[in-house]
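Here the structure is laid out as structure tokens; the discussion comes afterwards.
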Amino acid sequence: MRSYWLRCIGCGREYPGSSRIYTCPACGDLLDVVYEHGDEVSRIPWLRGYGSRPLGVWRYRELLPVEDYGKVVSMGEGGTRLIRCRNLERELGVGEIYVKYEGDNPTGSFKDRGMTVGVTKAVEAGARTTICASTGNTSSSLAAYSARAGLECVVLVPAGKIALGKLSQAIIHGARVLAVRGSFDDCLRIVRILTRDKRFYLLNSINPFRLEGQKTAAYEIYEQLSGAVPDKLIIPVGNAGNIVAYWKGFGELRSLGLIDELPSFVGVQAAGAAPIYKAYVEGADGIKPIKDVETVATAIRIGNPVNWKRALKAIRETGGLAAAVSDAEILEAQRLLASREGIFAEPAGAAPIAFLIKASREGLVEGDERVVCIATGHGLKDPGIVVKTFEKPPEVDASPDSVLQALEISAKAV
Ligand code: AN7
């Protein structure tokens, strides 16, 4: 029989898995879910094709902390495509490039992997109202999963700083959306205070159950590469929950004896919101929160990431690195991915490609390397940025001639 409990990542104190706490009551640090597994782990059909259980979060139910699989709040999250990008390989001179396209998830981002577990835990805990701070995608996902579970949902977003697609999702799923005059970090600070009150169930990535769902993306990559591990895993970093989740996922594959080594983790931040990158470059033990953050990749416009400690550990222990990319580099990468590979990622989701472009130019990636880039969110989340960046389509009269004229093709040649 599998059992699980919570362990503080700072002082190591342990608490029952059913405790409704988000951080360590003794020292305030974050909590990790730890397991003692029995035989049930052998029921996971690793590499035996996807038929017996579809690829996705709940394929790995034995490695997830829920009491009753029959009661999970799910709509088929995970099982996202791992897309080989041969055009980019040629263009950048990199051995193998894959994009794990998390835009395939039910609400269009990787957040759904965490929410299916997190909202299931909220229901288990008897919660009535869920709450989160969000740069956008967390709110879309939480609103949708709360709706499905019949829970009230409250989301705090930084006013004017969330992409239109994400805002429209939170609204249509019935969340009570409040636009806070402040940053994401302000929103999260408020949510942490409000959730001392048991009326609200917190679903930011402080919540250890969220990361449990997100770690399944690492299992999927292992399966999709037929049991291999990439040399580099390149991932955007905001609040730094997702990079920690992948680290845990690959770490568990190693504990289970399925792999020998973890990929090198490359955490990519936007240059205007890069506290982890700065700490990495300075070789510091901790981060210095940044107050005035700004980036076109609003998803990762975060100056005080809560999961920084394990993020730095993941990067250092796997021989990886932290990187920062400019807004111009992010937009160039977004365009390149879309125009060369047909993959439309939102700006934050294109940040790994921005790093890869730069790294290949600077010789930081070898010609025979296999890299996996995590495209964390769908491009349609933020259509505004494309319309803003590109010229408006020219308007023409409703005649074949004016179309040809606009296309600058001679009418005779057709
Ligand atoms: C597309 O929605 O923080 O490093 O509130 O939406 O785990 O925070 C979003 C984060 C990367 C960063 N890519 O992940 C939110 C939020 C996309 C994102 C990240 C986010 P973390």
Side-chain angles (χ1 to χ4, degrees), residues 30 80 100-105 107-115 118 131-144 155-158 161-163 165-167 169-170 175 177 180 183-188 191 202-207 210-211 213-215 217 234-248 265-270 273-277 287 293 295-312 314-315 322 325 330 334 344-354 373-382 385:
L30 300 182
T80 58
K100 179 73 168 158
Y101 187 57
E102 291 288 282
D104 280 342
N105 276 295
T107 76
S109 84
F110 72 96
K111 303 285 181 183
D112 297 338
R113 292 180 184 274
M115 285 308 170
I131 189 168
C132 72
S134 181
T135 59
N137 282 321
T138 298
S139 73
S140 311
S141 185
L142 182 59
V155 307
L156 304 191
V157 298
K161 296 292 182 184
I162 115 165
K166 305 174 189 182
L167 185 61
Q169 286 177 293
V177 183
V180 174
S183 65
F184 166 84
D185 300 296
D186 291 322
C187 295
L188 186 55
V191 164
L202 181 150
L203 271 161
N204 280 101
S205 58
I206 297 166
N207 183 317
R210 279 259 319 267
L211 301 191
Q214 288 173 212
K215 75 185 180 186
I234 313 177
I235 179 166
V237 172
N239 222 6
N242 210 26
I243 189 171
V244 171
Y246 274 87
W247 183 49
K248 183 159 188 190
F265 277 57
V266 179
V268 186
Q269 296 202 288
I276 291 179
Y277 165 72
I287 59 154
V293 281
T295 167
V296 69
T298 51
I300 51 174
R301 189 174 167 276
I302 295 174
N304 189 15
V306 292
N307 283 293
W308 63 267
K309 199 188 271 181
R310 283 175 293 174
L312 275 175
I315 288 166
V325 289
I330 288 172
Q334 186 191 29
F344 188 18
E346 65 168 282
I353 301 291
C373 296
I374 313 299
T376 40
H378 203 296
L380 289 174
K381 290 276 192 173
D382 191 1
I385 196 65

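Just so it is clear, the model here is predicted, and its values are computed rather than measured. Remember, it's 1-based here, ligands and their atoms both numbered in the order they're listed.
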| query | Say you draw a straight line from OG1 of T295 to CD of Q269; how long is it, rounded to the nearest 0.5 Å? | reply |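 So the gap between those two atoms works out to 10.5 Å.
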Side chains of [X] and [Y] in contact at under 4.5 Å (non-hydrogen atoms):
X	Y	answer
C132	L156	no
V325	V268	yes
Q214	F110	yes
T138	L203	no
R310	L30	yes
N204	V191	yes
R210	R113	no

Mark up the atoms of ligand 1 that fall under 4.0 Å of a heavy atom belonging to [X], in ascending order.
X	answer
S134	2 (O), 5 (O), 15 (C)
T138	2 (O), 5 (O), 15 (C), 16 (C)
G241	4 (O), 7 (O), 21 (P)
G136	2 (O)
V237	4 (O)

Considering non-hydrogen atoms of the protein only, which is the closest contact for [atom], and what is the distance?
atom	answer
atom 19 (C) of ligand 1	I300 CG2, 3.6 Å
atom 10 (C) of ligand 1	K111 NZ, 3.2 Å
atom 5 (O) of ligand 1	T135 N, 2.8 Å
atom 18 (C) of ligand 1	A299 CB, 3.5 Å
atom 14 (O) of ligand 1	F110 CZ, 3.5 Å

| request: Pick one of side chain, backbone, both or neither for how E346 approaches ligand 1, counting any non-hydrogen atom pair under 4.0 Å. | output: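 The part of E346 near ligand 1 is the side chain, not the backbone.
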When you measure from the heavy atoms of [X] to every atom of ligand 1, does any distance fall below 4.0 Å?
X	result
Q214	no
S109	no
G349	no
I302	yes

| Passing candidate, side chain to side chain contact (heavy atoms under 4.5 Å, CB included) with N239, options I302, N304, T135, I206 |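 Option passing the side chain to side chain contact (heavy atoms under 4.5 Å, CB included) with N239: I302.
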| So between N137, I235, N239, whose heavy atom ends up nearest atom 8 (O) of ligand 1? |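 Shortest heavy-atom distance from atom 8 (O) of ligand 1: N239.
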| field | Candidate with minimal heavy-atom separation from atom 17 (C) of ligand 1, of T376, V306, N242 | value |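 Nearest option to atom 17 (C) of ligand 1, by heavy atoms: T376.
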| message | Quick check on side-chain hydrogen bond (donor to acceptor under 3.5 Å, both in side chains): which of T80, T376, N137 does E102 satisfy it with? | response |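 By the side-chain hydrogen bond (donor to acceptor under 3.5 Å, both in side chains) criterion, E102 pairs with just one of T80, T376, N137: T80.
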| query | Between K166 and E346, does at least one N-O distance fall below 4.0 Å, as a salt bridge requires? | reply |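 Yes, this pair counts.
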